[in-house]
2 protein chains.
Amino acid sequence: MRGLGYHTEMNVRQKPERTRLSAEDWEDAALTLISEQGVGALAVEALARQLGVTKGSFYWHFRTREALLQAALERWEQYGEREIISQIEAIPDPRERLPELFRRVAHELQPHRVYAALLKALDHPLVVPVMARVSKRRTEFLHTAYKQAGMEGADALNRARLTYAAYVGFLQLNFTLGLPRLSHEEFDAYVEHMIATLIPA
Amino acid sequence: MRGLGYHTEMNVRQKPERTRLSAEDWEDAALTLISEQGVGALAVEALARQLGVTKGSFYWHFRTREALLQAALERWEQYGEREIISQIEAIPDPRERLPELFRRVAHELQPHRVYAALLKALDHPLVVPVMARVSKRRTEFLHTAYKQAGMEGADALNRARLTYAAYVGFLQLNFTLGLPRLSHEEFDAYVEHMIATLIPA
DNA sequence: TGGATTCCATACGCACGAGTATGGAGCGCT
DNA sequence: AGCGCTCCATACTCGTGCGTATGGAATCCA
C-alpha cells in the first residue's frame with residue numbers, strides 16, 4: 001500500500017514510530033489524503049489527527065492551509081513526470097512506443113489516483129495551473145510520439161489531443177464515476193480497441 | 001444570455017419585476033449559478049441575494065440546501081435529454097447521424113456548461129448518481145448509433161465508450177482548464193479529425 | 001550542563017454558512 | 001370586511017474549520 005512514491009525515506013506511515021515531523025511528511029500525507037478523499041477533504045486538523053499530532057505542529061511548518069496545498073501540488077508535479085516518459089523514450093522503435101505507452105498506463109492505475117482526484121477539484125484556483133502544465137506536457141509528449149510514428153504535423157497534434165482527452169475522460173467515467181464496472185477482460189479489450197483506432201497502422 | 005432552457009415562463013431574471021417566487025425559480029437560479037460558479041458556490045444566502053430575497057424565502061420552499069441541489073439536478077436531468085437525441089434520430093441515413101451529432105454537439109457549447117460544472121463536482125455524493133445515469137444513457141445512444149453505422153457488437157460498444165470519454169475529457173481540458181485556447185479554425189479542424197478517426201468510413 | 005533552537009500541545013478568537021423561530025405583509029375567498 | 005393561506009423578513013443559534021497566542025517538551029550544540 002501507500003504505493004505512490006513520494007517521500008525519500010522508506011518506513012513512513014507507521015503509527016508508533018513517530019518522532020518529529022518535517023514539511024515533506026505533511027506534503028506526503030496531504031497527497032495520500034487527496035488521492036483517497038479528494039482535495040475538499042484536506043483539512044489541517046484531520047491531517048494532524050492522522051499523523052498523530054495537533055494543529056500546533058502544522059502551523060509551525062506551514063503558514064496556511066493553502067500553502068500546504070501549493071507545496072503538495074508542486075511536489076506531486078515534480079515527482080510525477082520523469083519515470084514513464086523516460087521508460088518509453090528508451091524503446092528503440094518509435095512505432096512501438098505508443099502501444100507500449102497505452103498498455104503501461106492502463107495497467108498502473110495507482111499513479112493516476114492523484115490525477116483523477118485533482119481532476120474533480122478543478123474548482124480550486126491552485127490546482128488549475130498545475131493541471132494545465134501537466135496536461136500540456138503530456139499532450140506534447142504524445143504529439144512528438146505521434147510524429148515519430150509517422151503522422152503529419154496537424155494530424156499528429158489533433159490525435160495527441162484526442163488521445164489525452166480520451167485518457168482524461170476515461171479516468172472520470174470509470175475511476176470516479178465507476179461507470180461500467182469493466183471486468184479485467186473487458187478492460188483489456190477496451191485498451192486494445194483504443195490502440196487499434198487511435199494509433200496509425 | 002441565460003440561454004439554458006429551464007423555466008417554463010419567459011421573463012425570468014429581471015430585477016425589478018419580482019413578485020413571488022416558486023420552487024422552480026430557485027432550481028433554475030441554482031442551475032445557472034452552478035454552471036457559472038460550480039456546485040461549491042451553491043449557498044442559500046448567495047442565491048437569495050441574487051434573487052432579491054432572503055433566506056426566509058428559501059426555507060419555505062426547501063427543507064435543506066441538499067434538497068435544492070437534488071431538485072435542481074433532477075430538473076436538469078429530465079430536461080436535458082430529449083432534444084438533440086430526437087433530432088439526430090430524425091436523420092434518415094444512419095451513417096450520417098454520427099458526423100452530424102459530432103458537429104452539432106461541437107457548436108452548441110452552451111448546454112454543456114452544466115455538465116462540465118457537474119464534472120468537477122464529482123466529489124459530491126448527490127451528483128455522482130445523476131452523472132452516472134446521464135453518461136450511461138448517452139453512451140448507450142452512441143452504442144446504437146455505431147451499430148447502425150455498421151460496426152460489430154463489441155467494437156461498437158468500445159467505440160462508444162472511447163467517443164464519450166473523448167467528449168468528457170475535452171470538456172475538462174478545454175472548458176474548465178482552458179488548456180490550448182483553440183481558435184475557431186483549429187477547433188473545427190479538431191472536430192473533423194475526431195470524425196475521421198472515430199467514425200468508420 | 002545549560003542555553004538556544006526546533007517542534008509540538010492547549011486554549012483561545014473569529015468568520016462563515018446552515019438551519020430555526022417567529023412575526024408580518026400580501027393575496028384569495030366568502 | 002374579515003379570515004386564512006402563501007410567501008418572505010429579521011434575528012437569532014450552532015457547528016465547523018482556519019488561524020493565533022503562548023507555553024512546554026525534545027533535541028542540538030558549545
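Residue numbers start from 1 in every chain, and the chains themselves are labelled A, B, ... in the order their sequence lines are given, proteins ahead of strands.
Distance CD (A:Glu24) to P (C:dC7): 11 Å, rounded to an integer number of Å. If you measure from atom CG of A:Leu33 to atom P of D:dG17, you get 13 Å, rounded to the nearest angstrom. Distance CZ (B:Phe62) to P (D:dC8): 11 Å, rounded to an integer number of Å. Between the P atom of D:dC18 and the CG atom of A:Leu69 lies a distance of 11 Å, rounded to the nearest Å.
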> How does protein reach along nucleotides 16-22 of chain C, written 5' to 3' as B (base within reach of a heavy atom under 4.0 Å), S (only sugar-phosphate), or - (no contact)?
Replying inline: -SBBB--
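Between the side chain of A:Asp188 and the backbone N or O of A:Glu185 there is no donor-acceptor pair closer than 3.5 Å.
When distances run from any side-chain atom of B:Trp60 to the nucleotides D:dC7, D:dC8, C:dC8, the shortest one goes to D:dC7.
Counting non-hydrogen atoms of other residues, nucleotides and ligands closer than 6.0 Å to CD of A:Glu66 gives a total above 12. Taking a 6.0 Å sphere around NE2 of B:His184, one finds it holds 12 or fewer heavy atoms contributed by other residues, nucleotides or ligands.
We find the CG-OG1 distance between A:Leu142 and A:Thr163 to be 6.0 Å, quoted to the nearest 0.5 Å.
Contact of A:Arg20 with C:dT6 (side chain to base): a donor-acceptor pair of N or O atoms is detected under 3.5 Å.
Remark on the helix from C:dT1-D:dA30 to C:dT30-D:dA1: inter-end axis angle 0°, axes from five-pair C1' superpositions, rounded to 10°.
Across all non-hydrogen atoms, the minimal contact from B:His193 to A:Asn158 is CG-CB, 3.6 Å.
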> A:Thr139 and A:Tyr167: side-chain hydrogen bond (donor to acceptor under 3.5 Å, both in side chains), yes or no, with the steps?
Replying inline: CA-CA 11 Å; A:Thr139 302; A:Tyr167 163 71; over 6 Å; no
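For an aromatic pair to be called close, the ring centres must be under 6.0 Å apart, and B:Phe170 with B:Phe187 satisfies this.
Tested against B:Gln148, the residues B:Arg95, B:Glu89, B:Arg97 include a single side chain to side chain donor-acceptor pair (under 3.5 Å) partner, B:Arg97.
In this structure, A:His61 does not reach the C:dT6 phosphate: none of its side-chain N or O atoms is under 4.0 Å from OP1 or OP2.
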